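Read the structure below first, then the notes.
In what follows, every heavy atom counts, from backbone to side chain, and hydrogens, waters and symmetry copies are set aside. Quick caveat: nothing in here was measured; it's all calculated off a predicted structure.
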Amino acid sequence: MPDMSLFFDLGVVGLRIILPLYAIVIVYQCYAAMRRRRRPEKPLVSLYNTRTGGMLPVVFWENSIGRSRSSDIVVSDPSVSRNHCVLLRRKAGWFITDVGSLSGTFVNGVKVTGRAQVLIDDIITIGTTNYQFRRGDDFQSPLRSSWFFSKVSDKPAIKAWKLMLMVTLFHFFMAAEAMFWNDGTNVYSPLILFFALAAVEWGFFSVSYFALRRVNFELEALGLFLTGVGVMLLVRQVERSAYVQLIAAGIGIAIYCAIIKFIEDPDKVNKLRLPLMIAAVVMLSASIVLGKVTNGAANWVYIGSISFQPSEFVKTIFIFIGASALDTLQTKKNLIELIVFSVVCVGLLALMGDFGTALIFFVTFLLIAFMRSGDFKTIILAVAAAVFGVIIVLWYKPYVANRFSAWRHVWEHAQDTGGYQQVRVLTYTAAGGLFGVGIGNGYFKQYFASESDLVFALCAEEMGVIVAIVLALSVALLMIYARAITTRCRSTFYSISACCAAGLLVVQLSLNIFGATDILPLTGVTFPFVSCGGSSVISCWGLLAFIKAADERTYSLKR
């Protein structure tokens with residue numbers, strides 16, 4: 001009679017080889033589907049120059065008009081201001097807003113104050129130049145498409161339910177592998193956890209597909225794929241943490257849906273800027289007053305047995321404040337509010353000792369500032385101010401520098417706190433090889449923060465370097481995707497929020513992986529979606545909502 005244990009061993013080895021290849025297929029299918037089911041790019045309306053006879057295409061829902069080369073529509077007229085006016089589309093039609101130009105903006109000879117509606121064949125006067133407002137079909141020349149969508153495939157996108165089935169099957173394979181670990185004991189707890197995870201995944205899919213009637217589900221599938229990997233990795237750590245992580249993911253998904261609905265009208269979001277600012281400052285201040293110092297930073301607040309990080313929730317608010325509709329964005333008041341809010345947030349984070357999150361906020365501010373102005377001088381000035389601030393901190397708090405004294409010298413501090421963790425990360429990452437030692441079979445899980453800040457090493461050891469790199473790429477590619485879809489966004493609110501949300505996730509990912517592997521100083525930030533931490537996974541789903549909202553198909557296509 002054949003030895004059944006041999007078949008089980010071969011099956012586990014087979015899963016270890018299949019999972020890395022399967023992960024590549026899932027991520028590829030998600031991003032391939034993102035390029036499909038898209039309208040052909042063509043002008044929404046056009047502007048006809050009554051003097052020269054030239055025709056300008058209007059391809060965005062919100063368009064800056066001015067003499068500056070960074071404007072969407074550049075007018076070569078010395079009487080036109082660098083940032084003159086904004087032409088934007090809303091449900092009620094097309095509107096134009098003057099943004100403080102010297103010569104003013106006129107529609108049919110009437111000076112614009114506030115938002116003025118523009119109809120087909122109206123004459124828009126900008127400086128001394130007159131444009132006739134025409135239909136988009138009047139512009140016949142070809143448009144230059146965004147490179148990401150320049151060769152959009154005509155093939156139909158993979159069915160949403162098939163993509164979800166692929167993701168669920170991957171998590172089932174993880175559960176099956178975790179059921180057979182190094183002591184040979186067959187434990188069914190991974191299977192129970194898998195069924196709970198599958199219930200959350202398919203419940204979310206059902207709401208999206210049947211209740212909301214959404215056509216595309218690839219971004220959600222990618223988020224569920226990453227979240228599920230993080231949950232299943234915990235099954236051989238602390239099983240209770242796996243269920244807490246799953247509950248937090250469910251809360252994050254609910255917030256994800258709420259944010260998409262809330263920002264459907266970007267004009268309404270601007271009305272809540274001040275309350276959101278106050279809420280963010282109160283939450284960060286609460287961390288300083290009530291926070292418990294953990295790993296050198298007072299960023300955890302405890303209420304009974306429940307703990308959370310307010311700074312994770314402020315990330316979502318920070319994106320809300322940084323992004324606005326274009327006609328509001330170009331006002332000085334809006335810019336001053338953003339600068340003051342950013343300084344307060346980064347300053348409070350520095351006071352509580354959470355320098356990793358402070359760096360994430362600062363880099364996100366740079367992204368917002370650049371997307372708002374397109375001016376490198378603004379970025380250089382902000383970086384110079386930040387360097388000055390760092391010098392002040394190190395001058396008055398020299399002990400801060402000691403936290404990074406072992407950077408790039410961790411092998412010299414392999415047995416002390418300076419490099420103990422990074423040395424183990426490098427050792428066990430290499431020990432996992434390409435295909436890993438199997439879920440539950442690794443030894444790195446016995447070390448502190450292996451499931452949170454250092455989860456990259458845990459994944460690399462148990463699932464292999466290939467899977468760890470694929471997970472990292474699946475998050476990193478969100479930045480490219482977010483940048484690509486901005487050419488079709490209905491508002492600068494969506495384009496700025498999507499790019500900055502994706503940028504925040506990528507910066508956080510980089511600090512996590514490069515800090516754990518001693519390429520950068522270890523700052524203690526989480527791997528997006530994968531690291532154990534309820535506040536972190538909720539925040540990641542909130543940020544993902546901004547990228548989803550920027551996709552033109554989210555609000556326009558229904559099943």
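- Listed for the S497 side chain is a donor-acceptor partner under 3.5 Å among the backbone atoms of Y494.
- Contact annotation: the side chain of I259 approaches that of T316 to within less than 4.5 Å [non-hydrogen atoms, C-beta and beyond].
- Between V112 and T97, the closest side-chain pair of non-hydrogen atoms is not below 4.5 Å.
- Exactly one of I65, T50, L87, I126 qualifies for a side chain to side chain contact (heavy atoms under 4.5 Å, CB included) with Y131. That residue is I126.
- Using a 4.5 Å heavy-atom cutoff, the side chains of E220 and F204 are in contact.
- Two residues are said to be in side-chain contact when any heavy atoms from C-beta on lie closer than 4.5 Å; L226 and P528 fail this criterion.
- Side chains of F217 and L224 form a contact here, defined as non-hydrogen atoms less than 4.5 Å apart.
- Between the S539 side chain and the S535 main chain, no donor and acceptor come within less than 3.5 Å of each other.
- Close placement of the F341 and F318 rings is indicated, their centers lying within 6.0 Å of each other.
- The aromatic ring centroids of F320 and F262 lie less than 6.0 Å from each other.
- Side-chain N or O atoms of Y256 include none that pairs as donor or acceptor with a backbone N or O of K548 at under 3.5 Å.
- Checked for salt-bridge contact, R89 and E62 miss the test: no charged N lies under 4.0 Å from a carboxylate O.
- When atom types are taken as modelled, the side chain of R135 and the backbone of V45 share no donor-acceptor pair closer than 3.5 angstrom.
- Checked by atom type and distance alone, the side chain of N63 never pairs as donor or acceptor with a backbone atom of L88 at under 3.5 Å.
- Within the 4.5 Å cutoff, the side chain of F361 has heavy atoms near those of the L349 side chain.
- Of the possible donor and acceptor atoms, one in the side chain of S64 sits under 3.5 Å from a partner among the backbone N and O of D72.
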